[in-house]
K.L.:
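For reference, the structure I am asking about is given below.
Side chains included, hydrogens not; waters and symmetry mates left out as well; all remaining heavy atoms used.
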Amino acid sequence: MLSVPKSSFLSFLCAFFIVNLVSAQDIQSPSTQLYELGITLYDNGFFEEAAQNFEEFSTTYPDHDLRISSDFYLTRAKTGMDSTSIESYYQKFVQRYPGSELSEVLLRDLGHRFTATGDYESAITYYEQAMDSWMSDKHAAQTQYWIAEAAAENGDYSDARVFFMDVANNYPRSEWAPKALYARGRLYLSQQQYNAASSAFEVLRERFPNNAITRRVGTALGESYYQQGKYEEAIETLQSALPYLDEESTIKAVFLIAESQNYLGDYGEASKSYLRYINLTKGTPEERIAHYGLGWVYHKQEIYHWAAESFGRASVGDDEIARKAQYYKAVNEKLGSQYGKSLNSFRDFGDRFKTGLWVEEAYYEWSVSAFEASRYDESVEVLLGLVRSDTELKDPGKIYTMLGEAFFANAEYTRAIQAFEEAEAAGNIDPALKRQARFQKAWILYRNQAYEQAQPIFEAVYAEAPNSDVGREALFWSADSHYKMRQYSDAARRFKIYTDNYSNSDMMGAALYSLGWSYFEMGNYQQAVGPLEDFLENYEPPETALFPYDTDTQLRIGDAHYAIGNYREAIESYNKAIGAEPGGDYAMFQVANSYYRAGRTFDAVSNFRKTLRIYPFSRLREQAQYNIAYIYLNTNNYSQAVEEFQTVINKYPGTDWAARSQYNIGDAYYNAGEYDRAISAYQQVLDEYPRSDYIIEAINGIQYAQLSAGRSDSSSVILEEFLSDNPTSATADQLRYRQALNVFQSGDYENAVNEFRQYLRVTNSESRIPEAYSNLAESYRQLDQVGNAIEAYRTIVEEFPEDDLASSALTSLGSLNYERGDFAASYSNYAQLLETAPRYRQEAYVGMGNASLAQNNIDRAREEYGSALEVNSGSQPAKVGLGKIAIAEENYERAEELLQPIADESTTEVGAEAQYYLGKILQEQGQFNAAIEEYAKVKVLFEAFDEWVSESMYNSAECHIRLGNRGEAMTILNSIIMTYPDTEAERKAQDLLNRTES
């Protein structure tokens, strides 16, 4: 309990009253004075005296407006006096004032306190209680984030990821949303769930592309790609992130880039990256790992003396890297014919490392090197030391064989025989026996489902002895390993080799069956039929089959015919499997589907009914009954369709098929023109299946039916009633927006426009309006309705200037206005972007520069491109802009100096633009053949960028005309017209052809 000396307290009171007597002009009421004195005492740490004031205030003025605040500070003062009872004091206040803001403060404080003590479950409990109080979105997002962090600290990683996702989904405009998505990705990464980590980081980049924290994703996402072996993606991600990283993250990113380049065989770039890492870590222990990687780069390039030097620099210390580096130093010295140095390096390894990692490998190579140098006694002593040690040998057969050869060479014949006997006991040296041993190793791996490790061993055994029994069997299991890894193309190739070459093999039937399945899984249904039919007709299933191979094969033959539209053959195949158990119900069901696909609806209905009669408990029964109803609906037999859909509802209530059927009853009545009954049926979807996926469709159905009946549209009212009755149901706003977004993402931009406009007319959720306008604008853009797109983007900028999408809308406006030649408007858009979004300074300056250059204001453009380079010295668009200025000023040497590196290094549109202008430089100087070569590179290297490819082709045609190659020019111009319609180059090509022909 805290206490304050009386003398200190009295001094404080005197000072307090003197100050008040001097300064107070308006005399406060006694109640307020009592409260304010309590606050002042509390703020100065006089908790006991403060508590007395607050207790007196609450007792004297129980109905005062400040009563809850007084009780709050009374609670805090008590905890100041007695910190052991904090939870009790806080709980009493929360129970007295549930849901208040001050209760929320105390609950969050309890959560922090339990987090600090490591009691995360209690912390989460109090955080959740705080969220149940009235709480702003900002505090709710932050508190939800704390819950996720506490769960993660408690080891509840699955719950933590859910909590982090809830922050992003429930509070998308909060500053905590991107932080939560980032934390979620890092959590996956810490658990080495690399696929999930990369997906999580992609969600962050998709939702918050311009958020500062997204820039930090680069290293984490790059590491995730690296761990998955996606080295190209890792390099691209990490290089994009480099400009934004701190020193520590930069070092890590550079190393991962180097390692990825090494794996990809891009040794030149890997060398540069390793050297950069070495410079960044000079003098630190981390430097060694880069020397080790650099050693491998040189080794793979067969620059063995450089490799040995790099491995030597990495061999300092006694960890695994040091051991491996010392070993590879010796190996590369040997490969570089530096035999004396190599032997000394092996000796150095032996002096430093007697046991542990890499000892067996190094000692074996040391022995071989000594043997090759005719130092047989040294070769013997090295291996004897190894086999006499406590080291458990991984390959004793190889070690004893080498020891036997060394003994033999040293004329120690008895000991040589003993060594060879040990080698035979440990592992025979006969090649056939070695192959059998390797096959057995692969088989064990296969049996333990280590297919990736087993497959290459099987493949190697087959390649070594393809005509041996073990070789043939190894080919089969190599193929099956690929199949188990879902590598169906590789599996099919190997099974095909087997069936083509080993027709008399005992495993021929299994190979045919697996070959057919491989083709089937690849979607090559036509090819699947042959092997499956061959198996079915000519081979017996295994005697101890775990499932009916014949039925399975018959069904897959039917499925293959069905998939390629051979319905008659499909029906024949399925009919052969009817009556089988299991599988007969599926066969009969598919017979009915085949009849339906073939247009024989009567037979289809008959067979669906037969399926229901013969297999009343089949898992396909709901769908069979539904399909009957749906056939009647599609054949305009609406009354029968209603009856059949009703049967689905009656027999299988509460299922998704029932909800779907109820909706289709509405469609049936609607198509029959019975609009009132249609409305009633659609309404039943809302009443009886409020959680189904057909709510929006039912609302729309009511709307269409009312309009078709000439009645006023009350669908919005019905929707509101539905939401009122079903507060836990997904909201109409969310459903409508999702519907619009689905149409947009399907590429149906005309309907997307209608959907988004309808959504904007009816929504009452401001949070999605900017995104809806953005998608509406993009839809207009795809439809080439530039004016409408501009208006939509302008709406975002003017009405939602604080939204994250306002910046991207300004960027799009600048681009659209530039494309349609309104350079002044484009300049204004980018200038506004510069003013309102500092993080887009580079894009803004480049856009302003492009607009200025288009208006022939070269000096201003030069200044703006320079400003972009001040923001990012590596900005390629800015350098291209300066290159275009240099061309305009006929400073071709400077232009080429700026553009050539970008054309060489970039794979994006800016690279295509740079390559185009390299051709332009030569064309303007009259070097037409050289210009044609540069223009040709645009199509070869940047084929995806139609604008620059078509412009390059047009300029090539001009060059050919200047060279007198009229026929070549005509061919190019016609190719532009056919391949790139609706482009500026196509218009110019058509004009040039007309002028040439006239």
K.L.:
Checking Ser815 side chain against Thr811 main chain: does a donor-acceptor pair fall under 3.5 Å?
P.N.:
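The answer is no, because no donor-acceptor pair under 3.5 Å joins these two groups.
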
K.L.:
Indicate yes or no: at least one non-hydrogen side-chain atom of Ile251 is less than 4.5 angstrom from one of Glu286.
P.N.:
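Side chain of Ile251 against side chain of Glu286, heavy atoms only: no contact under 4.5 Å found.
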
K.L.:
Measure from the ring center of Tyr525 to the ring center of Tyr519 and say whether it is less than 6.0 Å.
P.N.:
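Here the rings of Tyr519 and Tyr525 have centres that are no less than 6.0 Å from each other.
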
K.L.:
Classify the ring geometry of Phe458 against Trp477: parallel below 30°, tilted from 30° to 60°, perpendicular beyond 60°.
P.N.:
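Rings of Phe458 and Trp477: tilted, as their planes differ by 30° to 60°.
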
K.L.:
Tell me the closest heavy-atom pair linking Lys324 and Tyr292, and the distance in Å.
P.N.:
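The pair with the smallest heavy-atom distance is CE-OH, 3.1 Å.
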
K.L.:
Can you list everything that forms a ring pair (Phe, Tyr, Trp, His ring centres under 6.0 Å) with Tyr127? Sequence neighbours excluded, please.
P.N.:
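Listed in chain order: His112, Trp146.
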
K.L.:
Quiz question: by atom type and distance under 3.5 Å, do the side chains of Asn829 and Tyr793 form a donor-acceptor pair?
P.N.:
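On atom types as modelled, these side chains do not qualify, holding no pair under 3.5 Å.
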
K.L.:
Do the ring centers of Tyr451 and Tyr446 come within less than 6.0 Å of each other?
P.N.:
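Here the rings of Tyr446 and Tyr451 have centres that are less than 6.0 Å from each other.
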
K.L.:
Enumerate the residue pairs fulfilling side chain to side chain donor-acceptor pair (under 3.5 Å) with a member in residues 153-167, sequence neighbours excluded, ordered by first and then second residue.
P.N.:
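Output for this query lists Asn154-Asp156, Arg161-Tyr188, Arg161-Gln191.
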
K.L.:
For Thr281 and Tyr277, indicate whether the former's side chain and the latter's backbone hold a donor-acceptor pair under 3.5 Å.
P.N.:
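Yes, the answer is positive, given that a donor and an acceptor are paired below the 3.5 Å cut-off.
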
K.L.:
Glu259 and Tyr274: side-chain donor and acceptor closer than 3.5 Å?
P.N.:
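Note: Glu259 and Tyr274 side chains meet the donor-acceptor criterion.
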
K.L.:
Verify the distance criterion only: is there a donor paired with an acceptor across the side chains of Ser273 and Gln261 at less than 3.5 Å?
P.N.:
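Short answer, yes.
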
K.L.:
Any luck finding a side-chain donor-acceptor pair between Asn872 and Tyr845 under 3.5 Å?
P.N.:
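The criterion, which ignores hydrogens and geometry beyond distance, is not satisfied for Tyr845 and Asn872.
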
K.L.:
Output yes when a side-chain donor or acceptor of Ser774 lies under 3.5 Å from a complementary backbone atom of Pro770, and no otherwise.
P.N.:
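No; judged by distance alone, with no hydrogens or angles, the pair does not exist.
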
